[in-house]
Amino acid sequence: MTDAIRVVKAATHKPKPQDSELTFGTVFTDHMFVADFQEEKGWYDPRVEPYAPIPLDPAAAVLHYAQAIFDGLKAFRGVDGKVRLFRPQKHVERMNNSAVRMCIPPLDPELALRSLVTLVGLERDWVPKALGTSLYIRPTIIANEAFLGVRPARSYIYFVILSPVGAYYPEGMAPVKIRVEERYVRAVDGGLGGAKTGANYAASLMAGEEAKHEGFTQVLWLDGVQRKYIDEVGTMNIMVKIGGEVITPPLGGTILPGVTRDSVLTLLKDWGIKATERQISIDEVVAAHKAGTLEEVFGTGTAAVISPVGELAYKGQRMVINGGRTAPLTQKLYDAIVGIQYAKAPDPHHWTVEV
Ligand SMILES: *Cc1c(COP(=O)(O)O)cnc(C)c1O
């Protein structure tokens with residue numbers, strides 16, 4: 001689809017919140033991007049419209065069988081005042097991989113990239129200025145065919161909405177307490193774990209709620225078969241540093257291919273720090289903690305960039321990591337990625353795309 005993008009401007013503009021009032025995902029900008037898909041036509045009529053509710057038939061497939069995917073990335077206002085997206089091509093590639101897994105027709109990657117750049121360009125005044133704030137970008141595809149039979153739908157809507165968000169760490173990085181989840185599982189090999197789809201989130205809610213009730217921020221998921229290997233932490237990828245080596249579970253099974261995960265692995269390689277993608281059991285993590293070699297544990301994801309884990313609870317035992325404080329490599333990775341995002345540091349891998 002090489003159609004030109006139609007633009008219908010909003011007649012009125014919403015008041016923009018102060019940077020200091022921003023939270024996450026509550027305020028949306030004046031416009032959204034929309035394209036439609038029908039089997040006979042393919043993806044068509046890419047356009048920018050005023051932000052508004054989407055008409056949906058109560059029989060729409062997404063409402064019944066969860067045929068939907070999304071992605072999440074950010075635009076930043078650099079210290080030079082310019083607006084940049086962080087690794088949008090990588091997010092588009094992942095969105096299309098998620099789509100294929102959910103039997104959703106992929107988008108032309110060039111058009112998908114253009115949808116993000118065009119919409120953010122039009123809404124550039126909504127990109128907040130304060131360091132740590134950003135404009136969150138949420139591309140989504142839903143099956144909107146009105147049909148209750150079980151098969152892939154024949155019509156879809158792609159839309160992109162934007163939300164100015166506050167700093168994740170207004171007072172510096174804060175290590176979190178995590179409970180290792182032994183009862184519920186997030187994903188199983190052969191399932192949906194590698195796709196960014198709402199169903200994975202629905203599956204994760206109960207464990208997260210129970211953990212919060214017990215005073216933890218989130219859970220560390222174990223593999224769904226043996227409850228043995230570490231998988232992800234909440235909705236972030238997990239990394240552990242043992243005896244100088246960073247270890248993270250490999251892609252290809254249940255692990256969501258995080259763009260932040262990839263950025264961290266690239267930086268570690270640049271810095272000559274050993275980083276290994278392999279299965280690692282929770283018993284190995286416990287043994288390393290006992291031996292005093294469990295140096296750092298952190299999650300990676302677009303929302304927080306890096307989330308240090310200060311404490312892990314497993315089978316009634318509490319393992320405190322680095323005295324419950326943010327460990328040095330965790331902090332260095334955070335600073336490096338944030339530095340590139342806000343153009344405080346050079347961008348040798350060309351991760352950012354100027355709008
Ligand atoms: C989105 C997501 C991540 C992190 O991916 P990023 O591209 O780094 O934001 C990790 N795990 C799950 C389950 C996710 O949905």
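Atoms within each ligand, like the ligands themselves, are counted from 1 in listed order.
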Counting from 1, what ligand 1 atoms have a heavy atom of [X] closer than 4.0 Å?
X: His91; value: 7 (O)
X: Gly301; value: 4 (C), 8 (O), 9 (O)
X: Arg186; value: 13 (C)
X: Gly258; value: 5 (O), 6 (P), 7 (O), 8 (O)

Counting non-hydrogen protein atoms only, what is the nearest one to [atom]? Give residue, atom name and distance.
atom: atom 9 (O) of ligand 1; result: Thr302 OG1, 2.6 Å
atom: atom 3 (C) of ligand 1; result: Thr235 O, 3.4 Å
atom: atom 11 (N) of ligand 1; result: Glu232 OE1, 2.5 Å
atom: atom 14 (C) of ligand 1; result: Lys196 NZ, 3.0 Å

Worksheet item: Where on Arg94 is there a heavy atom closer than 4.0 Å to ligand 1, on the side chain, on the backbone, on both, or on neither?
Response: side chain
Item to complete: Determine whether the side chain, the backbone, both or neither of Val259 has a heavy atom under 4.0 Å from any heavy atom of ligand 1.
Response: both
Would you call [X] and [Y] a salt bridge, taking side-chain N to carboxylate O under 4.0 Å as the test?
X: Lys16; Y: Glu123; answer: no
X: Arg318; Y: Glu311; answer: yes
X: Arg325; Y: Glu296; answer: no

Fill in: N/O separation below 3.5 Å, Arg261 to ligand 1
no
Worksheet item: Backbone or side chain, does any N or O of Thr260 fall under 3.5 Å from an N or O of ligand 1?
Response: yes
Discussion item. If we check salt bridge (charged side-chain N to carboxylate O under 4.0 Å, His left out) with Asp36, which of these qualifies: Arg47, Arg6, Lys41?
Written reply: Arg47
Worksheet item: How about Tyr44 and Phe37: are their ring centres within less than 6.0 Å of each other?
Response: no
Worksheet item: Mind checking whether Phe70 and Tyr201 have ring centres under 6.0 Å apart?
Response: yes
Worksheet entry | Which residues share a side chain to side chain donor-acceptor pair (under 3.5 Å) with Tyr342, sequence neighbours left out | none
Item to complete: Report the C-alpha distance between Val165 and Leu22 in whole Å, list the side-chain angles of each, state the deciding distance to 0.1 Å, and finish with yes or no for side chain to side chain contact (heavy atoms under 4.5 Å, CB included).
Response: CA-CA 5 Å; Val165 298; Leu22 292 170; 5.8 Å; no
